[in-house]
Structure formats: structure tokens, C-alpha cells
Number of protein chains: 2
Amino acid sequence: MEGEKIKIHLADDHQVLIDGLLAVLRLEQKFEVVGFSLNGNALLERIQENKADVLIMDINMPERDGIEVLREFNEKGYPCKVIILSSYEDVKLIKEVLKLGAHGFLAKNCAGENIAEAIETVYKGEKYFSDSIRDKILGAFSGVKTEVAESTDKYFLGAIDSITDRELEILKLIAQECSGQEIGDRLGISKNTVESHRKNLIKKLKVKNSIGLVKLAMRYNLVN
Amino acid sequence: MEGEKIKIHLADDHQVLIDGLLAVLRLEQKFEVVGFSLNGNALLERIQENKADVLIMDINMPERDGIEVLREFNEKGYPCKVIILSSYEDVKLIKEVLKLGAHGFLAKNCAGENIAEAIETVYKGEKYFSDSIRDKILGAFSGVKTEVAESTDKYFLGAIDSITDRELEILKLIAQECSGQEIGDRLGISKNTVESHRKNLIKKLKVKNSIGLVKLAMRYNLVN
DNA sequence: TACAACATCACCATTTGTGGTGATATCTAA
DNA sequence: TTAGATATCACCACAAATGGTGATGTTGTA
């Protein structure tokens with residue numbers, strides 16, 4: 001046989017990106033796009049029916065984001081391979097989705113040809129990462145920060161990665177417009193402790209105040 | 001003659017989106033993509049050489065954003081028509097880019113076929129907007145808010161639009177992590193006045209504190 | 001003209017946030 | 001076992017933000 005095409009499902013809230021991917025993937029005979037979804041809920045409803053082999057999915061989607069979809073996949077045990085397509089190249093995020101069973105991670109600034117490569121690779125059960133992501137993973141692994149300091153964003157990546165779980169938890173609540181007191185109450189710890197964490201975050205992320213924290217958190221999708 | 005192709009330049013920091021657009025546009029014989037850029041600076045360097053008729057550009061780009069590029073265009077007086085491709089459908093943003101001479105505005109969640117339509121329309125010198133954008137403009141014009149309350153974001157659009165120039169100015173400085181005092185000094189007004197504006201913003205945007213303000217501002221790209 | 005919207009400022013009380021120092025307990029990795 | 005990282009908490013002082021009320025001048029428009 002071997003004439004079987006690889007069945008693909010696309011999920012992204014930007015219709016143009018889907019149209020673009022469709023056009024790119026149609027150029028290859030070995031692929032067949034069997035469906036696409038504009039948000040996480042729609043995706044979860046349709047993915048059962050059309051039996052896709054590979055899902056290419058954005059992290060940021062309305063209704064349910066990519067992380068939630070991956071979690072659902074784990075519970076239900078779908079055999080479908082997942083490639084994450086994301087604007088954000090945060091190491092923590094990459095770690096997270098890999099832990100959740102994703103097979104590939106593509107930065108949105110990767111070339112179109114990488115997509116085909118990625119699909120074939122993960123279809124075989126191997127992992128695939130676009131170049132910049134591979135660099136980040138290696139850097140994070142060896143403890144050496146990737147020295148591509150072309151943008152200030154990159155500069156922060158190391159620091160972002162050093163946020164502890166507890167700090168992240170508090171950062172999320174700060175971003176939800178909670179006061180230190182409220183955060184303390186919710187987590188069952190003292191307001192003083194919350195403020196300690198806040199100060200540590202401000203120092204290690206080199207921002208001026210909580211607003212700086214929230215901006216970074218949003219830029220790296222550490223918060224919803 | 002009439003066999004002349006429309007020369008197009010693409011600008012977006014997401015390579016996949018560019019590849020997608022390339023694939024979509026290649027399907028039509030009447031278009032010729034003469035170049036693309038991944039950021040505002042690169043765009044401004046290249047746009048002179050390849051004499052594009054139409055530029056399709058994202059607002060959010062590194063180095064220089066779409067707004068800055070439009071400003072530069074106005075100073076230099078390039079004859080090229082500009083179509084903005086944006087994730088954000090904020091009325092203020094649309095007004096802004098139109099004021100700066102953009103000929104079209106497409107939401108990124110529009111269909112691929114709209115792109116071709118948009119290019120042909122603006123090439124003739126007319127304006128083009130994708131459906132959702134057209135709705136927003138009409139709504140803003142008639143003073144009636146578009147009643148598509150499918151997401152909480154949409155709910156805020158009216159309020160966002162009611163931000164005054166002065167308030168926006170102050171909001172931007174708040175987002176830059178300035179204190180009320182600093183903002184007052186910079187604008188040459190009293191700290192008290194700054195706090196008045198801040199309080200008005202918090203009230204009209206229905207958020208809990210300055211962090212809520214900054215989150216909204218970022219979501220709608222009111223700040224850099 | 002008169003009203004509404006805007007920008008300006010003041011004063012108040014109270015809560016929050018920032019910055020610093022220092023301390024304790026736990027856990028992990030060298 | 002020892003050093004480092006993490007999480008916890010306290011206390012202090014000061015700056016900043018929030019919430020309220022009230023007031024003034026300008027400007028544009030009905």
C-alpha cells in the first residue's frame with residue numbers, strides 16, 4: 001500500500017493562518033487536511049470524528065487553549081500526534097507542552113517548509129523542533145543561555161525561566177488584579193510572604209513594579 | 001497591455017504567515033509578490049527598491065511597528081497602497097491607521113480569499129475592510145455598539161473607544177511603569193490630576209486597578 | 001447660550017506596594 | 001555534610017495607589 005496519506009487537523013484562531021497552512025500543505029501529495037478548528041472547544045468536538053494522524057495547534061486559542069486540549073488528549077488517550085505552533089518560545093512553555101505529550105514545537109517565525117518536515121517526523125513517532133526552539137532547549141539543558149541577544153525579549157528568557165512554581169502562582173494572581181492581602185488569603189499564607197515573592201520577582205525580572213511583571217507575564221503567556 | 005501584474009510586498013514577523021500568504025497569492029496569476037520583510041526596519045529598507053503596488057503589513061512587528069512605518073510612508077510619500085493585517089479589531093486602531101493613509105484593514109481571522117479581493121480593491125484606490133471590521137466601523141459611526149457579545153473582549157470595545165486622548169497618554173505612561181508623580185512631571189501637570197485620570201480609566205474600563213488597565217491596553221495594542 | 005465633556009487641581013482617609021534587613025525551616029545537589 | 005535554593009514570616013519606613021468629594025476653566029456643539 002504505502003499510498004496512505006497523512007491525515008492532518010489544523011487548529012488556530014486566525015483564519016488566514018489556517019488558509020495559509022492549507023495552501024502550503026496542498027502542495028504536497030502525501031498530506032491530507034481532514035479538518036480545522038478555530039478554537040479549542042470546536043477542536044475537541046471534531047477531532048474524534050475525522051481521525052487525524054497529526055494535529056497542528058496554536059497554544060493561544062479562545063474557549064480552550066492548547067494546554068487544556070493537550071490535557072484532554074491525555075485523559076481520553078487519543079493516538080493523534082500533536083505539533084504546537086506558537087508565537088512564544090519560552091522554555092517553560094516548551095517543557096510544559098512536551099510533558100503533556102506534544103511531539104513537536106514550531107515557532108511561528110519558522111519557514112513553511114519546516115511544517116512538512118515536522119509532520120513527517122512526528123508521524124513516525126519522533127520529536128521535531130524548529131531551529132530556534134532547538135537552540136533554546138539545548139541552551140536550557142546545558143545551563144548556558146542562548147547568546148542571541150538580538151532583541152530585549154531574548155534577554156529576559158533566562159530570567160523568565162528562573163521563576164519558581166510558587167512565584168508563578170503568585171504572579172498569576174497579581175495579573176488577576178489581586179492585592180497582596182487577597183493573594184495571601186487565597187493561598188493560605190501571610191501577606192508578608194506574598195510581598196517577599198513579589199519583590200523577588202521584581203528584582204529577578206528587572207522591572208520597576210508589578211505592572212512590569214504583568215507585562216512580561218503577558219508577553220510570555222505565563223498568564224491567561 | 002493590461003497584462004501587468006500587481007506587485008505585492010508582505011510584512012509580518014511570523015514567517016509561516018508569510019509563507020501562507022505566498023502560497024495563497026501564487027494561486028492567482030494577476031499577483032506577483034516582489035518581496036517580504038520580517039520587521040519594520042527591513043521593510044523600510046526594501047520597499048524603495050522593489051516598487052511594490054500594494055503592501056500587506058501586520059501592525060505588530062519588531063524594530064518598528066506598522067504605525068511607525070505608515071508615518072514614514074507619509075513623510076517620504078511612497079505611492080504604495082497599504083493593507084493592514086491585524087489580530088486586533090479596535091476601532092481606535094482602525095481610525096488611527098486610516099488617518100495615517102492605510103487603504104485597507106483585514107482582521108487576521110478573515111478568510112484567505114478576502115486577501116485577493118482586498119488587494120484588487122485597494123489597487124484601484126478604493127478602501128477595503130473585512131466583514132468584522134466593516135461592522136465595527138459602522139457601529140462606531142452610528143454610535144451604536146456592535147451587539148456581537150460572543151466574547152468578553154467585544155464587551156469592552158465600546159469602553160475602550162471612549163478613552164480620551166489625554167487618558168490614553170497617561171495610560172501609556174502607566175504601562176511604562178511610571179508612578180503618578182513621574183507622569184505628572186513628564187506631562188507638566190499635578191500628580192493629583194494624573195490620579196484623577198487614572199481613577200476615571202479604572203472606572204470606565206471596569207477594572208480593579210492599574211494592572212487591569214495595562215492588561216487591557218496590551219490586549220488592544222494601545223501601548224507598545 | 002447653555003449643557004456636556006474634558007482637563008485641571010485639591011484634600012482627605014485608607015489600603016497597597018516598594019525597599020530593606022533578617023530570620024527560620026526544608027530540601028536538594030555537590 | 002554543607003552550601004544553595006526555596007518558601008515562609010516579621011518589622012520598619014516611606015512612597016504610591018485607591019476612593020471619595022468638590023471645584024474651576026475651557027471647548028465644542030446642540
Side-chain angles (χ1 to χ4, degrees), chain A residues 91-92 95 140-145 158-217 222-223, chain B residues 91-92 95 140-143 145 158-217 222:
Chain A
V91 182
K92 266 228 153 77
K95 272 187 198 159
F141 228 126
S142 56
V144 185
K145 308 300 171 203
I160 291 266
D161 205 39
S162 76
I163 298 175
T164 68
D165 292 341
R166 195 49 152 178
E167 284 169 347
L168 183 58
E169 202 169 358
I170 282 158
L171 177 48
K172 282 182 179 173
L173 290 169
I174 291 174
Q176 275 163 45
E177 298 161 63
C178 297
S179 72
Q181 183 64 65
E182 285 171 336
I183 297 172
D185 293 345
R186 283 216 215 178
L187 299 181
I189 58 178
S190 156
K191 166 204 136 142
N192 297 309
T193 306
V194 175
E195 297 305 341
S196 287
H197 287 304
R198 191 202 300 264
K199 288 175 225 171
N200 284 334
L201 281 166
I202 289 175
K203 218 181 255 172
K204 78 162 73 169
L205 297 181
K206 299 191 217 298
V207 295
K208 283 172 70 179
N209 53 33
S210 295
I211 288 175
L213 290 180
V214 172
K215 284 203 296 174
L216 266 189
L222 303 179
V223 299
Chain B
V91 181
K92 265 227 152 78
K95 271 187 201 161
F141 228 127
S142 57
K145 309 299 171 204
I160 290 265
D161 206 37
S162 76
I163 299 175
T164 68
D165 291 341
R166 194 53 152 176
E167 283 169 348
L168 182 58
E169 202 169 359
I170 282 158
L171 177 48
K172 283 182 179 174
L173 290 168
I174 291 174
Q176 274 163 45
E177 298 161 62
C178 297
S179 72
Q181 184 65 65
E182 285 171 335
I183 296 172
D185 292 344
R186 282 216 214 178
L187 299 181
I189 58 178
S190 155
K191 167 202 136 143
N192 297 309
T193 306
V194 175
E195 296 307 340
S196 286
H197 286 305
R198 189 201 300 264
K199 287 175 225 171
N200 283 333
L201 282 166
I202 289 176
K203 216 180 253 172
K204 79 162 71 168
L205 297 180
K206 299 192 218 300
V207 295
K208 283 171 70 180
N209 54 33
S210 295
I211 287 175
L213 290 180
V214 172
K215 283 203 297 173
L216 268 189
L222 304 180

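The basis for the numbers below is simple: all heavy atoms, side chains too, and nothing from hydrogens, waters or symmetry mates. Here is the naming used below: chain letters follow the sequence lines, and residue numbers restart at 1 for every chain.
Distance Leu187(B) CG to dT8(C) P: 8 Å, rounded to the nearest Å. Distance CG (Asn200(B)) to P (dC6(C)): 10 Å, rounded to an integer number of Å. The nearest whole Å value for the distance from the CD atom in Glu169(B) to the P atom in dA7(C) is 9 Å. The distance from atom CG of Asp165(B) to atom P of dT8(C) is 11 Å, rounded to the nearest whole Å. Nucleotide dC6(C) holds its P atom 14 Å from the CG atom of Leu168(B), rounded to whole Å. As rounded to whole Å, 11 Å separates atom P of dT6(D) from atom CG of Leu201(A). When the C1' atom of dA7(C) is taken as reference, atom NE2 of His197(B) falls 5 Å away, rounded to whole Å. Rounded to a whole Å, the CD atom of Glu167(B) is 13 Å from the P atom of dA5(C).
Checking the phosphate oxygens (OP1, OP2) of dC9(C), a side-chain nitrogen or oxygen of Thr193(B) falls inside 4.0 Å. Distances shorter than 4.0 Å separate some side-chain N or O of Thr164(A) from OP1 or OP2 on dA7(D). At the phosphate of dA10(C), OP1 or OP2 sits under 4.0 Å from a side-chain N or O atom of Ser190(B).
The pair Lys172(B)-Glu169(B) does not count as a salt bridge, with every side-chain nitrogen at least 4.0 angstrom from each carboxylate oxygen. A salt bridge links Glu167(A) with Lys204(A); the closest basic N to acidic carboxylate O contact falls under 4.0 Å.
Under the salt bridge (Lys or Arg N to Asp or Glu O under 4.0 Å) criterion, Arg186(A) pairs with no residue at all, not counting sequence neighbours. With sequence neighbours left out, Asn200(A) forms a side-chain hydrogen bond (donor to acceptor under 3.5 Å, both in side chains) with no residue at all. With sequence neighbours left out, the salt bridge (Lys or Arg N to Asp or Glu O under 4.0 Å) criterion links Lys208(A) to Glu182(B). For Glu177(B), there are no side-chain hydrogen bond (donor to acceptor under 3.5 Å, both in side chains) partners at least two apart in sequence or on another chain. When the side chain to side chain contact (heavy atoms under 4.5 Å, CB included) test is applied to Ser196(A), no partner is found at least two apart in sequence or on another chain.
Nearest to the side chain of Asn192(A), among dT8(D), dT8(C), dC9(D), sits dC9(D).
A distance of 9.5 Å separates CZ of Arg198(B) from CG of Asn209(B), quoted to the nearest 0.5 Å. Put simply, NZ on Lys191(A) and CD1 on Ile183(A) are 11.5 Å apart, with the number rounded to the nearest 0.5 Å.
For the helix from dT1(C)-dA30(D) to dA30(C)-dT1(D), the end axes, each set by the C1' atoms of five terminal pairs, are bent relative to each other by 50° (nearest 10°).
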Nucleotide by nucleotide, nucleotides 15-24 of chain C touches protein heavy atoms under 4.0 Å in the pattern (B base, S sugar-phosphate only, - none) -SSBBB----

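For the pair Ile202(A) and Ser210(A), the tightest heavy-atom approach, listed with the atom from each and the gap, is CD1-N, 4.1 Å. The two residues Ala175(B) and Val214(B) come nearest to each other via the heavy atoms CA-CG2, 3.8 Å.
The shortest side-chain heavy-atom distance between Leu205(B) and Ile163(B) falls under the 4.5 Å cut-off.
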Extract from the structure each pairing of a protein N or O with an N or O of nucleotides 26-30 of chain D at less than 3.5 Å, listing the distance.
none

